[in-house]
Amino acid sequence: MASLVPTPFTLPISKADQKQLFLHSFLPKKLSSTNKSVLRVRCGAIGNGLFTQTTQEVRRIVPDNKHGLPTVKIVYVVLEAQYQSSLSAAVRELNSKNRYASFEVVGYLVEELRDESTFKTFRKDLEDANVFIGSLIFVEELAQKIKSAVEKERDRLDAVLVFPSMPEVMRLNKLGSFSMSQLGQSKSPFFQLFKRKKQSSAGFADSMLKLVRTLPKVLKYLPSDKAQDARLYILSLQFWLGGSPENLQNFLKMISGSYVPALKGTNIEYAEPVLFLDSGVWHPLAPCMYDDVKEYLNWYGTRRDANEKLKDPNAPLIGLILQRSHIVTGDESHYVAVIMELEARGAKVIPIFAGGLDFSGPVERFLVDPISKKTFVNSVVSLTGFALVGGPARQDHPRAIEALRNLNVPYIVALPLVFQTTEEWLNSTLGLHPIQVALQVALPELDGGMEPIVFSGRDPQTGNYSCAIFSLVEQLCTRAIRWAELKRKTKEDKRLAITVFSFPPDKGNVGTAAYLNVFSSIFSVLKDLQKDGYNVEGLPETSEALIEDVLHDKEAQFSSPNLNIAYKMGIREYQNLTPYASALEESWGKPPGNLNTDGENLLVYGKQYGNVFIGVQPTFGYEGDPMRLLFSKSASPHHGFAAYYSFVEKIFKADAVLHFGTHGSLEFMPGKQVGMSDVCYPDSLIGNIPNVYYYAANNPSEATIAKRRSYANTISYLTPPAENAGLYKGLKQLSELISSYQSLKDTGRGPQIVSSIISTAKQCNLDKDVSLPEEGEELSTKERDLVVGKVYSKIMEIESRLLPCGLHVIGEPPSALEAVATLVNIAALDRPEDEISSLPSILAATVGRNIEDVYRGSNKGILKDVELLRQITEASRGAITAFVETTTNKKGQVVDVSDKLSSFFRFGVNEPWVDYLSSTKFYQADRNKLRKLFGFLGDCLKLVVADNEVGSLKQALEGSYVEPGPGGDPIRNPKVLPTGKNIHALDPQSIPTTAAMQSAKVVVDRLLERQKVDNGGKFPETVALVLWGTDNIKTYGESLAQVLWMIGVMPIADTFGRVNKVEPVSLEELGRPRIDVVVNCSGVFRDLFINQMNLIDSAVKMVAELDEPEDQNYVKKHAVEQAKALGIGVREAATRVFSNASGSYSSNINLAVENSSWNDEKQLQDMYLSRKSFAFDCDAPGAGMTEKRKVFEMALSTADATFQNLDSSEISLTDVSHYFDSDPTNLVQNLRKDGKKPSAYVADTTTANAQVRTLSETVRLDARTKLLNPKWYEGMLSSGYEGVREIEKRLTNTVGWSATSGQVDNWVYEEANSTFIQDEAMLNKLMSTNPNSFRKLVQTFLEANGRGYWDTSAENIERLRQLYSEVEDKIEGIDR
């Protein structure tokens, strides 16, 4: 993972001109060249540590009331600011007439009420208010605050009007005899709006609009007061939705005259609401709103002001989606700016709007030709920031996807700032407010929305008006047109830049991507594109020849890695093409620097074939010297990196860039977390090029970072088909011995066989995992059974572990039989939500057992349970294989599964799984349950073998809509399949789910039990653990839930299922002390789940303040001790949620290990502390991450255990460097006063039988099933060049674990050496296939020995040194 520190924004500006500090986006570009003095602004929060420092006082209007009229005081709270200017204008107009009453008004933005002093003023304002108005209050914690304040005054207030908001706030409504206090219990039409049932297409807000249109007419003729009050409520809503100053004036007159006692009897006349169209087409220059798109287009065609470009019948046509409330309240300048910019660039526009929160109807009505059903537009930009259906309330994503699929054009969702002024956003390292990220970035992504570009802010004085941010409006419009051009340009003319990665930087690593055979995939994709009409002239005949072309420049004259040089960029050309080049000089000096250069020019590596360029993304730049990041105040891309993207956009002139595989460095460059400004490096680098990105389906978290920070349209690819690890060498022999024991144990040979089992198990190093008696020791029958049971259980664990075999090639889905292991694992999970029982539980029930009991018995080594579990596993595999074989043809391809299934079900033929089970002990398995399960597996099989990865890429390149789909683990969530979807994460406020909480309890209880056994029966006082982004997406928040259960709290969901608060579980119910935690969040988790960091931090602080004995509440015990030691308050001392600084990722230990650029373990620990000691504070969420190293060190020094989670079979501890990069085991030992090493545990929830193992057990299991397993390494070597690199990577990551935890056994290195070095045939194969990676493998063995992690013979070391020299010579010979 790329690694960074936050960057201060550098703005060229004179001292006299400091007011322009944050308005650089609005200023003419020439400003920078005239002024050389530089002012540096450190990003961070200002003021109260919250996200907004705007104040209600700028919206307070107090009348002078010279005429002694009655005063009506109105207090209002709104989500967005567009009503503020309109309401202020209405009040000023009323006061200027001096009739009836003087109006005092004060308005609050929902978000401002986080601040305690603002909330206090709000409550004070309510004390003498006449009328309270609230609208769109959907943030639960703030809804609760508003409810508590208004409830107190509700009976005294003359009127309370709440428009669409959360039910608990809606219940406050009171207008005469009309009330909604029964909302949620009654059958009132209002209650129906909040029901959970899916409404057809209209949804929540549209039902409300329907009511608004029809009810006043009906209620008018009803005599009762109640009906009249209800009518006035509906009229109020009409006035409010009308939004213009005129409508709001009449609204205030109606409410005051009807309900304020001082005005009773005064005849205050008011006009009926001026009704605007609920939805339609609007243009600032048009004479009216249109509800017929043809009428609008007729007007558009006759415009006299249109420039020549707009008159061109072939001009691109962009659809815009707007919120009606901005138009009717007159707060539409940001919309006007986008419309004018698009037209100035020669694009026509159809700006459509809706009054409710469902934009899907207007999209279908106004952007699609009703007769031909063809789409009018080439791309669509939503300027609302909301999900297409449902806004901030309850969304209907399937409905949105259906509408967008019919439209079939790129769908961009740009962002107006809602909770911050423009300066506050510019000055923040976080960028967008977390609530806005949840509502307006995460939710639109579920619809397939992309490119969250901030295009407008709020005015700095009052926050009342929207202001366009011109540089970003330019970028948004250019990008929308560039996507539209993809729809219009011929395939033959389209230019595509394919970007591959090289990490760590070494020629043996060019084309790195998780689980992907990159060059074979590129070759397959280009062949397909060529067939489709793209110009790929000169493409070699094979993927091997393609590698040769890109890697080896035959005329290389440079000492740089001899990649093919596609372009040499002179310094002056580079500076002209790269406007931000001077900003890179602080970190890298004057160009060209020393990376990607020949000393005079910047070098772009790659190779061009016709209109396709395959380029190598330059490396991050710090790999060779990660220590530099410790002392570097700011990080930035180097000149070579910037030159690469300038070349792609401005010299090669790419129509699109395709980043090939997971993942490069672009999206991890410094800048805001979400909501880039024009000085954030990902934004500067990607420029205006449409970005398509192949990302592994099981990594939705980093894919989401790429979406948000580099504006990528991410397309998922499959991970390789999984297989069972199987057994080999001594492990296979052990398995045979155990079979012999089971058949012969009651003859006289039992003890003799057990003796062979014990000695073979020791040869296989299983004595580290299973306590074995001494050889020759007398054992009873029961003891013999237990020893055999434990060894058998360990062997079964190794044999059945899933591992991805080989590497995936894009466009080559697995065959049906390759999918069997995946289906077996899908079948092993209960799915209660679909009423599907797991296959193991159905089979266990057949013999009168509960599968959970069988798992428990097998874990303990009870022989009959281990044997039963083996039989269940074999029967599962057999039944599923039989099913798959009957649905495939002779070539192994899946034929129509549903036809096959229905023929079984219809004709009463015995199903293949029933036939198979009839010859096993499970012949009586429940047929109905099996039918339901296999029906589900049939659907899954179709999804596993479906192939849409190249199809989706073509859709993206043709400017079509790529359907969204979740990322994650296909075994837990088969909806991840088929791949080729625009991958997204999940609604961050929806986790942890109830199911995740249940799983978390099981794991935490097992962890605490295990620690008690290893720790003399004592509970751990503190557990240090890691939260990963992807894991929490895949498991819907299991590891997050583990943290909550350790400290003894339960998450509480609101009406919409969003989790934003917790409640403590009583100590009696918990049955144990509350365990303290130190939570290290990965940089990706911090970016995606800042709301959940807020949740954990507030939970820990709440627990620290509970009135409980300290021996039952370790959080409190340690917080009190640390507060005393550091001289701070208990609340601050209870800080437990840490990560990197905003915009920075990883501890960089992985970089140091991968590049062998570290001196000793102390140095690695310093890196960890300096990069990971930034704390999140729920009391000042806008402050971003602030350094609190002392608190971090003290909290870690109390840790008795460290803990991580493994959640899917594809990624284990040695597959990626992230896991050891975040491991603090040795660091904790150094920080503890007693110098004791903490226990280190890993929870494995990759199967239905969740396990908690020690770290060393997990490393051994990993080594046995992957690095040392012929099935795994032969599978990798079948991928050729990339496979050698995968083997080397596993060994390097094993050394990483030695460095951070010391938990790797010597025999692991010894066995690896005999497998890869002492086997002559293997050695030659590795050296000839990828000599660069083989050199790194030899170097890693020597390093493991040199650092004291591997003790081996002098002969072995001598042989390795000799090999190193040989391979060096060979590489030089190749390149010469």
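Worth knowing before you read on, the calculation uses all heavy atoms, side chains too, and leaves out hydrogens, waters and symmetry mates.
- Aromatic pair Phe353/Trp282: centroids not less than 6.0 angstrom apart.
- Note that the CZ atom of Phe386 and the CD1 atom of Ile321 stand 13.0 Å from one another [nearest 0.5 Å].
- Put simply, CG on Asn408 and NZ on Lys487 are 4.5 Å apart, with the number rounded to the nearest 0.5 Å.
- When the options Asn698, Asn699, Thr704 are evaluated for a side chain to side chain donor-acceptor pair (under 3.5 Å) with Thr1030, the one that passes is Asn699.
- Pro410 places none of its side-chain heavy atoms less than 4.5 Å from the side chain of Asn713.
- Here the shortest heavy-atom pairing between Gly385 and Leu415 reads CA-CD2, 4.1 Å.
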**Request:** Take Thr979 and Glu949 through the test side-chain hydrogen bond (donor to acceptor under 3.5 Å, both in side chains) and record every step on the way to the result.
**Result:** CA-CA 6 Å; Thr979 45; Glu949 293 170 355; 2.8 Å; yes

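- How far OG of Ser716 is from OH of Tyr693: 14.5 Å, rounded to the nearest 0.5 Å.
- Interatomic distance, Asn688 CG to Ile481 CD1, rounded to the nearest 0.5 Å: 10.0 Å.
- With hydrogens and angles disregarded, a donor-acceptor distance shorter than 3.5 Å links the side chain of Gln440 to the backbone of Thr384.
- Of all the heavy atoms in Leu486 and Ala956, the pair that sits closest is CD1-O, 3.7 Å.
- Counting heavy atoms from C-beta outward, Gln955 and Ile715 have side chains that stay 4.5 Å or more apart.
- Ring geometry for Phe455 against His334 counts as parallel: the plane angle stays under 30°, on a 0 to 90° scale with 60° as the upper cut.
- Of the possible polar contacts, none joining the His326 side chain to the Glu332 backbone as a donor-acceptor pair under 3.5 Å is found.
- Side chains of Arg708 and Val437 form a contact here, defined as non-hydrogen atoms less than 4.5 Å apart.
- Put simply, the side chain of Ser165 gets close to the backbone of Phe163: a donor and an acceptor are under 3.5 Å apart.
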**Request:** Evaluate the criterion salt bridge (charged side-chain N to carboxylate O under 4.0 Å, His left out) for residue pair Glu958 and Lys491; output intermediate values, then yes/no.
**Result:** CA-CA 8 Å; Glu958 285 157 23; Lys491 290 174 187 171; 3.7 Å; yes

**Request:** Check the pair Asp683, Gln475 against side-chain hydrogen bond (donor to acceptor under 3.5 Å, both in side chains), reporting the backbone distance first and the verdict last.
**Result:** CA-CA 10 Å; Asp683 178 281; Gln475 183 188 30; 3.2 Å; yes

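- A distance of 7.5 Å separates OH in Tyr711 from CZ in Arg479, rounded to the nearest 0.5 Å.
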**Request:** Show your working on side-chain hydrogen bond (donor to acceptor under 3.5 Å, both in side chains) between Thr329 and Gln82 and close with a plain yes or no.
**Result:** CA-CA 7 Å; Thr329 56; Gln82 62 262 40; 5.9 Å; no

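- At a threshold of 4.5 Å between non-hydrogen side-chain atoms, the residues Tyr695 and His659 do not count as touching.
- Contact record, His397 with Ala387: CE1-CB, 4.3 Å, taken as the closest heavy-atom pair.
- Just one residue in the list Asn406, Val363, Val293, Leu407 forms a side-chain contact (heavy atoms from CB on, under 4.5 Å) with Val368, and that residue is Leu407.
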**Message:** What verdict does the side chain to side chain contact (heavy atoms under 4.5 Å, CB included) test give for Leu383 and Tyr335, after you've listed the backbone C-alpha separation in whole Å, the side-chain angles of each residue and the deciding distance to 0.1 Å?
**Reply:** CA-CA 8 Å; Leu383 299 179; Tyr335 291 169; 3.8 Å; yes

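- Judged purely by atom type and a 3.5 angstrom limit, Arg365 has no side-chain atom pairing as donor or acceptor with the backbone of Asp292.
- Shown here for Ser379 and Ile318, the closest heavy-atom pair between the two residues is OG-CD1, 3.3 Å.
- Using a cut-off of 4.0 Å between Lys/Arg side-chain N and Asp/Glu carboxylate O, Lys707 and Glu667 are scored as not salt-bridged.
- Pairing each heavy atom of Pro164 with each of Leu237, the nearest pair is CD-CD1, 4.1 Å.
- Rounding to the nearest 0.5 Å gives a distance of 7.5 Å between CG of Asn982 and OH of Tyr961.
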**Prompt:** What do the steps show when you test Leu136 against Tyr83 for side chain to side chain contact (heavy atoms under 4.5 Å, CB included), and what is the final call?
**Reply:** CA-CA 12 Å; Leu136 291 185; Tyr83 274 92; over 6 Å; no

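- Here Arg399 pairs with Glu402 in a salt bridge; the nearest charged N to carboxylate O distance falls below 4.0 Å.
- Proximity of His433 to Leu417: side-chain heavy atoms (C-beta onward) are nowhere separated by under 4.5 Å.
- A side-chain donor-acceptor contact under 3.5 Å links Lys981 to the backbone of Leu977.
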**Request:** Any chance you could lay out the side chain to side chain contact (heavy atoms under 4.5 Å, CB included) test for Ser135 and Trp240, step after step, and finish with the verdict?
**Result:** CA-CA 9 Å; Ser135 176; Trp240 185 259; 3.3 Å; yes

**Asked** So Val413 and Leu388, side chain to side chain contact (heavy atoms under 4.5 Å, CB included) or not? Walk me through it.
**Response** CA-CA 9 Å; Val413 181; Leu388 194 72; over 6 Å; no

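- Side-chain contact between Pro316 and Arg488 is present, with at least one heavy-atom pair separated by less than 4.5 Å.
- Between Ala696 and Ile983 the shortest heavy-atom distance is O-CD1, 3.6 Å.
- Counting only heavy atoms from C-beta outward, the side chains of Val281 and Pro351 approach each other to under 4.5 Å.
- No side-chain heavy atom of Trp299 sits under 4.5 Å from any side-chain heavy atom of Cys288.
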